[in-house]
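First up is the structure itself, then whatever we jot down about it.
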Amino acid sequence: MKKLKRIGVLTSGGDSQGMNACLKTIVSTAERKGYEVVAFLGGYQGLLDNKAKIITSKEAELYFNIGGSFIKAGRSKDFLDAEKRKKAKTVFNKQKLDALIVLGGDGSIRGACDLEKLGLNVLVIPCSIDNDAYCTERAIGFDTAVNNAVNTIDNVQQTMRTNDRILLVEVMGRECGDIALYSGICSESDIIMIPEKKQKEEKIVREILKQLKAGNKSPTVVIAEHQLNVEKFAQKIETETGNECRSIVVGYIQRGGAPTMQDRLLAIRMGVAAVENVIDGNFGYVISLTQDHITLKSLSEAINAGKQFREELWDTFLELKRFKTVKPHKKV
Ligand code: F6P
């Protein structure tokens, strides 16, 4: 019997919704083309430890529309050590792999670059709720995470408005302000704090006071994580404004749940493209989205890609804010 060719896969870093849809697509496409798929469990650490199992489309299809990764994800300290990393090549050869497909964000792309330097045939599919893989217009998981953030903000705003309370919302994103920017605009929030447009706390307080004076009794501030302590900032706002202020941290809710149509579609398109490129022998690339087309970016191009901040979206937000008229209730 002819021996099947083999593709390795792993999901690395923070998981994102759509990873499972992408895995299902990779496995079913690969099976149709005469490959079997070996999954390394728990990201790069699973590769170093050769913690591997064959996955089939029958198994993968059970998880297609579920968040997380059924082959586990994670960050590996060992993988950052150049000596320990060499083990990846031994495992790759031992498993007789033709290629390895890595699903992950910014850090995972850098990891794949290191594997390429060891001579491994590797491809990356960008998956990140933060949208911080700057070689692609959008990473798998971002759309679902933003939708989750918007839904949460919508819900909390309803009770804040009922009680005339100021609301601070912290969202995820690591060094990237995209979740805050997109969710802030789409929830019609009043103020957005992102690392790309640094603003001092004092400026935000002045802005809130302006909003209150104009009749907006419950302004919402969306804050990308790691900039300040939202609980302490809420106390400061209460002291400075004399109004009640509440803070919430959206947290891991952003990273769970069924992937949206946009994330499923991207996962399917990128999964198919990855397998086709394995068959064509194109390695050392990140599968990217460029002007809504699937393209290839070399790994070195990908890690050197500058931050793709959507300046025009920030301008849209400022424009919306300028024309937002706050009408105080009429006295009767
Ligand atoms: O990178 C994805 C992400 O969810 C970030 O937004 C967040 O800062 C981080 O992962 C949380 O990491 P962990 O799952 O290790 O707590």
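Just so you know, ligand 1 is whichever comes first in the structure, and atom 1 is the first atom listed for that ligand. Heavy atoms only: backbone and side chains are in, while hydrogens, waters and symmetry mates are out. Small disclaimer: the values here were computed from a predicted structure and weren't measured.
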For this session: Check whether any side-chain N or O of R85 sits under 3.5 Å from a backbone N or O of F79 as a donor-acceptor pair, and report yes or no.
Result: yes
Problem set entry | Under 3.5 Å side-chain donor-acceptor pair for D78 and Q45 | yes
For this session: Could you tell me whether the side chains of Q17 and T144 share a donor-acceptor contact shorter than 3.5 Å?
Result: no
Which of the ligand 1 atoms, numbered from 1, are nearer than 4.0 Å to a heavy atom of [X]:
X	value
Y252	13 (P), 14 (O), 16 (O)
E225	5 (C), 6 (O), 7 (C), 8 (O)
G173	6 (O)

Seminar exercise, completed: Honestly, for I129 the part within reach of ligand 1 (heavy atoms, under 4.0 Å) is side chain
For this session: With heavy atoms under 4.0 Å as the rule, classify the contact between R75 and ligand 1 as side chain, backbone, both or neither.
Result: side chain
Exercise. Should we say atom CD of E319 is surrounded by more than 12 heavy atoms from elsewhere, each under 6.0 Å from it?
Worked result: yes
Exercise. Looking at ligand 1, does G105 have a heavy atom less than 4.0 Å from it?
Worked result: no
For this session: Could you go through the salt bridge (charged side-chain N to carboxylate O under 4.0 Å, His left out) check for K307 and E196 one step at a time?
Result: CA-CA 9 Å; K307 201 164 196 165; E196 294 85 350; 3.3 Å; yes
Exercise. Charged N to carboxylate O under 4.0 angstrom, R138 versus D143?
Worked result: no
Exercise. Which residue and non-hydrogen atom of the protein lie closest to atom 2 (C) of ligand 1, and at what distance in Å?
Worked result: D130 OD2, 3.2 Å
Exercise. Evaluating non-hydrogen atoms only, which member of M172, R174, R255 is closest to atom 10 (O) of ligand 1?
Worked result: R255
